[in-house]
Amino acid sequence: SMLVADTGNEDIEVMFIDLASLQTVKDFAVRLQERHARVALLMNNAGILETEGRTITVDGLERTVSVNYVGHYLLTRLLLPMMHRGSRIVSMASLTYRFGRLYFPEFFTLGCRGFFWRIFPYSNTKLALTMFTRKLAQLTAGQGITVNCADPGIVSTDIIAFKMWFDKLTDIFFRPIIR
């Protein structure tokens, strides 16, 4: 596979998880528990930025909220007992958290209050993930588990999907200057 070629490590196993389905998150954690796995690094990096409007998951959550926050929260909580002194949790944050506003219960079911535009639920999830990470760092401080956030800046990945009429211009002028 590409991972083996890129890393030179042939001892790689790929396991399915869909953060838009909390059952797959639980199933993933159970598979690791059954193996008596120890987790050295958890990188909460998955994320989406909806471009087609609001989508509700099988769990009744707005999909951005499930993938960018609730799925990470649940996975982290389930894997925490498998971590040890020296383990590390890194959550991918975003500077957009500064625009986030958490209104409950709308945050979970709608992603944002009022008009749905892709940046609103995204920013809200990044705020929630940052707050959770900061609190988790306090809770695990005496256990020797390092917990922090990182903001990689704007990276040219598939999360940046330009599908609105003005996005084609943005893609032409913006994408070449981002990482």
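The first residue in the sequence is number 1, and the count goes up from there.
Cluster membership for Phe115 and Ile119, using ILVMFWY side-chain heavy atoms within less than 4.5 angstrom, is shared. Each of Ile56 and Phe107 belongs to its own hydrophobic cluster when Ile, Leu, Val, Met, Phe, Trp and Tyr are linked at side-chain heavy-atom distances under 4.5 angstrom.
In this structure, OH in Tyr122 is found 12.5 Å from CG in Leu127, a value given to the nearest 0.5 Å. Atom CZ of Arg38 and atom NE2 of His84 lie 4.5 Å apart (nearest 0.5 Å). Taking NZ from Lys126 and CG from Leu49, the interatomic distance works out to 10.0 Å, rounded to the nearest 0.5 Å. Distance check, rounded to the nearest 0.5 Å: CZ of Phe120 to CZ of Arg101 gives 11.0 Å. Interatomic distance, CD of Glu106 versus CG of Asn124, reported as 11.0 Å (0.5 Å rounding). Ile17 CD1 to Leu22 CG: the interatomic distance, rounded to the nearest 0.5 Å, is 9.5 Å.
Scored by the side chain to side chain contact (heavy atoms under 4.5 Å, CB included) test, Thr140 finds Leu80, Leu136, Gln143, Ile145, Val147 as partners (sequence neighbours excluded). For Glu13, the side chain to side chain donor-acceptor pair (under 3.5 Å) partners two or more places apart in sequence, or in a different chain, are Arg35. By the side chain to side chain donor-acceptor pair (under 3.5 Å) test, Gln23 pairs with Asp27, sequence neighbours left out. Partners of Thr130 by side chain to side chain donor-acceptor pair (under 3.5 Å), not counting sequence neighbours: none found. Judged as a salt bridge (charged side-chain N to carboxylate O under 4.0 Å, His left out), and not counting sequence neighbours, Arg98 has no contacts. For Glu34, the side chain to side chain contact (heavy atoms under 4.5 Å, CB included) criterion is met by Val30, not counting sequence neighbours. Scored by the side chain to side chain contact (heavy atoms under 4.5 Å, CB included) test, Asn9 finds Thr7, Asp11, Ile12 as partners (sequence neighbours excluded). Annotation: ring pair (Phe, Tyr, Trp, His ring centres under 6.0 Å) contacts of Phe132 (sequence neighbours excluded): Tyr73. When the side chain to side chain contact (heavy atoms under 4.5 Å, CB included) test is applied to Leu32, the partners found at least two apart in sequence or on another chain are Met15, Phe28, Ala37, Leu79, Met82. In this structure Ser66 satisfies the side chain to side chain donor-acceptor pair (under 3.5 Å) test with no other residue, sequence neighbours excluded.
Among pairs with a residue in residues 61-73, those fulfilling salt bridge (Lys or Arg N to Asp or Glu O under 4.0 Å) read Glu50-Arg63, at least two apart in sequence or across chains.
In this structure, Ala46 and Leu19 approach most closely via the heavy-atom pair CB-CD1, 3.5 Å. Taking all atoms of both residues into account, the shortest heavy-atom contact from Leu78 to Ala29 is CB-CB, 3.6 Å.
Listed for the Asn45 side chain is no donor-acceptor partner under 3.5 Å among the backbone atoms of Ser91. Checking side-chain atoms of Ser21 against main-chain N and O of Asp18 turns up no donor-acceptor pair under 3.5 Å. Proximity of a side-chain donor or acceptor of Ser87 to a complementary backbone N or O of Val39 within less than 3.5 Å is detected.
In this structure, a donor-acceptor pair under 3.5 Å is absent between the side chains of Thr64 and Thr125. Side-chain atoms of Thr133 and Asn148 form no donor-acceptor pair, as typed in the model, at a separation below 3.5 Å.
A 6.0 Å sphere centred on CZ of Arg113 holds more than 12 heavy atoms belonging to other residues, nucleotides or ligands.
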Worked check of side-chain contact (heavy atoms from CB on, under 4.5 Å) between Asn44 and Ile89: CA-CA 8 Å; Asn44 290 320; Ile89 300 169; 4.0 Å; yes
Test side-chain contact (heavy atoms from CB on, under 4.5 Å) on Phe16 and Thr24 and set out the steps. CA-CA 8 Å; Phe16 176 78; Thr24 70; 3.8 Å; yes
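Alongside Met43, the hydrophobic cluster contains Leu41, Val90, Met92 (criterion: ILVMFWY side chains under 4.5 Å).
The aromatic ring centroids of Phe104 and Phe108 lie less than 6.0 Å from each other.
Cation-pi geometry between Arg54 and Phe116 is not met at under 6.0 angstrom from the ring centre and within 45 degrees of the axis.
A heavy-atom distance below 4.5 Å is not found between the side chains of Val25 and His72.
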